[in-house]
Amino acid sequence: MAKKIITASEIQKMKGYDANKTISANELLEMAARFFMDNDVSSSFALVPVRFVERANAPECGYLDFLDTGKWEKMEHTPTIWDIVDNGKEGVVGYKEYKVLNNLPCVFVDEPYYKPALLTFTSIGGYRTERKSRQGLKWHNVYLV
């Protein structure tokens, strides 16, 4: 008698993880458009993969937007992730990555949605991207030109 093979997607369903959840291309492109309209043509932002399942306070939408640099300029000190996200713990989404990026405007994307988000910016949005890495962290910078 053959045993039934249990797949990863079946285990995800049993654990209550929504494997079919998608990230909104419209929201990503609107976010990028707002960023480039408010900043210089030479500006860029980082698209950073983060495993949300391992972090506290992960947003349901599959990404975390840190592009609004205007609120950073109003602060008296260099902003850190705990200025923007509550709890200031290493488990918070983007904490370690944000420190490596040295306060670069960025969008943290849940790792399973990273490649689709990257393709959304390049194929649909027409933005340029460049792969970067520092201290073991890998990401793509997104450029208008």
Side-chain angles (χ1 to χ4, degrees), residues 6-145:
I6 300 175
T7 64
S9 63
E10 290 171 341
I11 295 171
Q12 290 171 351
K13 286 178 189 173
M14 286 186 250
K15 298 280 186 174
Y17 182 80
D18 186 4
N20 295 323
K21 186 174 95 177
T22 59
I23 193 164
S24 170
N26 286 341
E27 288 176 13
L28 289 175
L29 292 174
E30 181 182 328
M31 182 185 342
R34 240 186 359 258
F35 174 80
F36 288 115
M37 292 294 286
D38 293 343
N39 292 285
D40 294 334
V41 174
S42 62
S43 298
S44 67
F45 66 87
L47 182 65
V48 186
V50 177
R51 285 181 47 85
F52 282 14
V53 72
E54 296 173 349
R55 307 293 179 87
N57 302 330
E60 289 290 320
C61 62
Y63 67 88
L64 186 59
D65 173 1
F66 277 76
L67 295 179
D68 185 7
T69 57
K71 63 183 169 188
W72 300 355
E73 293 167 4
K74 297 174 189 169
M75 295 181 181
E76 295 178 10
H77 62 285
T78 303
T80 55
I81 192 92
W82 50 88
D83 288 324
I84 303 165
V85 177
D86 293 336
N87 298 331
K89 298 178 183 172
E90 290 199 19
V92 173
V93 170
Y95 173 85
K96 295 174 186 175
E97 294 81 6
Y98 192 66
K99 286 179 70 176
V100 172
L101 291 170
N102 295 324
N103 304 327
L104 180 70
C106 54
V107 175
F108 299 113
V109 178
D110 196 1
E111 200 172 59
Y113 310 113
Y114 183 70
K115 286 183 183 178
L118 185 61
L119 287 172
T120 296
F121 286 123
T122 56
S123 299
I124 299 171
Y127 297 102
R128 289 184 341 96
T129 60
E130 179 182 26
R131 187 176 175 161
K132 295 284 190 173
S133 65
R134 182 186 304 142
Q135 298 176 8
L137 176 65
K138 295 177 181 170
W139 73 91
H140 280 81
N141 279 347
V142 179
Y143 302 96
L144 183 60
V145 257

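Here, residue 1 is the first one in the sequence, and each next residue gets the next number. Owing to the predicted nature of the structure, the values given are computational and were not obtained by experimental measurement.
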- Under 6.0 Å from the CE atom of M37, do we count more than 12 heavy atoms belonging to anything else shown? no
- Message: Evaluate V48 against L137 for side-chain contact (heavy atoms from CB on, under 4.5 Å), listing each step before the verdict.
- Response: CA-CA 8 Å; V48 186; L137 176 65; 4.0 Å; yes
- Note on the structure: What one should report as the nearest heavy-atom pair of S44 and F35 is O-CZ, 3.5 Å
- Query: Is a side-chain N or O of E10 found less than 3.5 angstrom from the main chain of T7, in a donor-acceptor match?
  - Reply: yes
- Message: Contact between V109 and P49 at the side-chain level, heavy atoms closer than 4.5 Å - yes or no?
- Response: no
- Between D65 and L67, is there a donor-acceptor pair closer than 3.5 Å when you use the side chain of the first and the backbone of the second? yes
- Message: Do L64 and V107 make a side-chain contact, defined as non-hydrogen atoms from C-beta onward lying under 4.5 Å apart?
- Response: no
- Item | Which residues share a side-chain hydrogen bond (donor to acceptor under 3.5 Å, both in side chains) with R34, sequence neighbours left out | E30
- Message: Quick one, F121 and L47 - any side-chain contact, counting heavy atoms below 4.5 Å?
- Response: yes
- Task: Apply the test side-chain contact (heavy atoms from CB on, under 4.5 Å) to residues I23 and Y63: give CA-CA distance (whole Å), side-chain angles for both, the deciding distance (0.1 Å), then the verdict.
- Result: CA-CA 8 Å; I23 193 164; Y63 67 88; 3.8 Å; yes
- Task: For residues P105 and F66, determine if any side-chain heavy atom of one lies less than 4.5 Å from a side-chain heavy atom of the other.
- Result: no
- Query: Do T129 and N141 come within less than 4.5 Å of each other through their side chains, counting heavy atoms only?
  - Reply: no
- Message: Between F36 and F45 (judged by ring centroids, cut-off 6.0 Å), do the two rings come close enough to count as a pair?
- Response: yes
- Item | Charged N-O contact under 4.0 Å between R128 and E130 | no
- Distance from C61 atom SG to Y113 atom OH, nearest 0.5 Å? 10.5 Å
- Side-chain heavy-atom pair Y114, P112 within 4.5 angstrom cut-off: no
- Query: With a 4.5 Å heavy-atom cut-off, do R131 and K138 have their side chains touching?
  - Reply: yes
- Side-chain heavy atoms of Y127 within contact of L144, under 4.5 Å: yes
- Check: N39 main-chain N/O paired with S43 side-chain donor or acceptor under 3.5 Å: no
- Query: Within the distance-only criterion (no hydrogens, no angle test), does the side chain of S133 pair as donor or acceptor with the backbone N or O of G136 below 3.5 angstrom?
  - Reply: no
